[in-house]
Amino acid sequence: EKGVRMYNLTIYLKRDEEINVYDFKELSFLSATGRSIKLTDDFSTLTIHDSTTYNFKGTKQVSIKGSEISYLVLNEAPKN
């Protein structure tokens, strides 16, 4: 599987906790206009809104309100 990138996501929370989502697959949420949005590897257009719930999928699934999130870090997983 050449060229398939694997990502690990770290969600940093405002209460000084972090959540790791290994083998990150996608972030999904509803936009302000009610459209379903899915992001897989480019967060450059992402604005985190307090009232929005964000669903992260990887080796585990995490649903979290925007108001809890301080910032996100998406790292390419090291190749083994």
Side-chain angles (χ1 to χ4, degrees):
E1 284 190 74
K2 217 170 82 191
V4 174
R5 290 198 169 123
M6 305 290 261
Y7 293 96
N8 294 327
L9 174 75
T10 306
I11 306 164
Y12 290 89
L13 304 182
K14 289 178 180 167
R15 59 175 182 262
D16 280 340
E17 288 176 37
E18 53 193 70
I19 301 170
N20 289 298
V21 180
Y22 297 104
D23 192 13
F24 171 76
K25 296 277 192 286
E26 73 173 32
L27 160 57
S28 59
F29 59 95
L30 289 179
S31 73
T33 56
R35 284 190 314 129
S36 178
I37 296 179
K38 287 183 170 34
L39 300 175
T40 54
D41 61 2
D42 181 4
F43 288 180
S44 61
T45 59
L46 177 64
T47 303
I48 296 173
H49 295 283
D50 282 358
S51 59
T52 302
T53 298
Y54 297 88
N55 301 293
F56 300 91
K57 279 187 196 159
T59 50
K60 63 182 165 195
Q61 293 194 37
V62 180
S63 290
I64 193 159
K65 257 176 106 72
S67 57
E68 302 268 315
I69 299 171
S70 179
Y71 60 99
L72 305 170
V73 176
L74 190 62
N75 284 309
E76 202 170 328
K79 305 223 179 345
N80 35 9

When rounded to the nearest 0.5 angstrom, what is the spacing between CZ in Phe56 and CD1 in Ile69?
4.5 Å
Assess whether side chain to side chain contact (heavy atoms under 4.5 Å, CB included) is satisfied between Ile11 and Glu68, documenting all intermediate values.
CA-CA 10 Å; Ile11 306 164; Glu68 302 268 315; over 6 Å; no
Nearest-0.5 Å distance, CZ of residue Arg5 to OG1 of residue Thr40:
11.0 Å
Applying salt bridge (Lys or Arg N to Asp or Glu O under 4.0 Å), name anything that partners Glu17, two or more places apart in sequence or on another chain.
Arg15
Linking I/L/V/M/F/W/Y whenever any side-chain heavy atoms sit under 4.5 Å apart, do Ile64 and Phe29 land together?
yes
Looking at Glu26, is its backbone amide N or carbonyl O close enough to the side chain of Tyr7 to form a donor-acceptor pair, meaning the two atoms are under 3.5 Å apart?
no
Does CG belonging to Asp16 count more than 12 external heavy atoms closer than 6.0 Å?
no
Partner set under side chain to side chain contact (heavy atoms under 4.5 Å, CB included) for Ser36, not counting sequence neighbours:
Leu30, Lys38
With hydrophobic residues grouped by side-chain heavy-atom distances under 4.5 Å, do Met6 and Leu74 end up in a single group?
no
Rounding to 0.5 Å, atoms CG (Leu72) and CG (Leu27) come to a distance of 7.5 Å
Thr59 side chain to Tyr22 main-chain N or O, any donor-acceptor pair under 3.5 Å?
yes
Rounded to the nearest 0.5 Å, the CD1 atom of Ile37 sits from the CG atom of Leu46 at a distance of 9.0 Å
Spacing of Lys65 atom NZ and His49 atom NE2 [to the nearest 0.5 Å]:
13.0 Å
First locate atom CD of Glu18, then atom CG of Leu13, and finally report the distance between them rounded to the nearest 0.5 Å.
8.5 Å
For the hydrophobic clusters of this structure (ILVMFWY residues joined by side-chain heavy atoms under 4.5 Å, transitively), does one cluster hold both Ile19 and Phe43?
yes
Strictly distance-based, threshold 3.5 Å: is any side-chain N or O of Asn8 a donor or acceptor partner for the main-chain N or O of Asp23?
yes
Option among Val21, Leu9, Asn20, Asn55 that satisfies the side-chain contact (heavy atoms from CB on, under 4.5 Å) test with Val62
Val21
